[in-house]
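Down below is the structure, laid out as structure tokens.
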Amino acid sequence: MFCSIAEKFGCASETLRLWVRRAERDQGLRPGLRSDEQTELVELRREVRELRRANEVLRKASAYFAQAEVFDRGGRR
């Protein structure tokens, strides 16, 4: 089915099949995430990674400065 139509569009039948499946998901005819939901999910996962990385840097900086403060107050050994 997709082969003859794909030839008319000048694309591979698998590409056309994927486009149809995506359109069906976007219209609610097929289960799964819509395109906009998938895009949002990718962006949110990227943001979570960045925030976790930033939190780790802040944790390390906080520990470093706490250690430096103890050292400066005469806790030298």
Side-chain angles (χ1 to χ4, degrees):
M1 174 176 139
F2 288 112
C3 292
S4 62
I5 298 171
E7 287 177 14
K8 292 177 183 176
F9 281 106
C11 67
S13 61
E14 180 65 12
T15 301
L16 181 60
R17 187 184 70 78
L18 292 174
W19 289 346
V20 169
R21 290 184 77 171
R22 182 184 308 145
E24 290 172 347
R25 279 193 309 272
D26 288 350
Q27 295 171 8
L29 302 174
R30 180 179 288 274
L33 294 176
R34 295 186 322 259
S35 298
D36 60 332
E37 293 172 326
Q38 183 66 32
T39 301
E40 182 180 15
L41 180 62
V42 169
E43 291 171 0
L44 289 171
R45 285 180 175 168
R46 181 180 306 121
E47 184 178 351
V48 166
R49 266 193 321 273
E50 291 172 4
L51 290 171
R52 285 182 177 161
R53 199 173 304 134
N55 280 341
E56 184 63 27
V57 168
L58 291 172
R59 244 185 253 112
K60 289 179 180 181
S62 177
Y64 173 80
F65 287 117
Q67 184 72 23
E69 186 175 332
V70 168
F71 184 77
D72 288 344
R73 288 187 178 181
R76 302 174 195 189
R77 293 186 174 204

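What you see is a predicted model, and the numbers here were worked out from it, not measured in a lab. Numbering starts at 1 and runs along the sequence shown.
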Do the side chains of Arg53 and Glu50 get close enough for a salt bridge, i.e. N-O under 4.0 angstrom? no
What is the distance from atom CD1 of Ile5 to atom CZ of Arg17, rounded to the nearest 0.5 Å? 14.0 Å
State whether the number of non-hydrogen atoms from other residues, nucleotides or ligands found under 6.0 Å of Glu37 atom CD is greater than 12. yes
Please give me the minimum heavy-atom distance between Gly32 and Arg25, naming the atom from each residue. CA-CD, 3.9 Å
Return the CG to CG distance between Leu41 and Asp36, rounded to the nearest 0.5 Å. 11.5 Å
In the structure I gave you, are the side-chain heavy atoms of Val20 and Phe2 within less than 4.5 Å of one another anywhere? yes
Least distance between heavy atoms, Leu16 atom then Cys11 atom: CB-SG, 4.2 Å
With rounding to the nearest 0.5 Å, note down the distance linking CD in Glu14 to SG in Cys3. 10.0 Å
Could you work out, with side-chain contact (heavy atoms from CB on, under 4.5 Å) as the rule, every residue matching Thr39, not counting sequence neighbours? Glu43
Apply the side chain to side chain contact (heavy atoms under 4.5 Å, CB included) test between Asp26 and each candidate in Gln38, Arg21, Arg34; give the one that qualifies. Arg34
Is the number of heavy atoms from other residues, nucleotides or ligands under 6.0 Å of Arg59 CZ greater than 12? yes
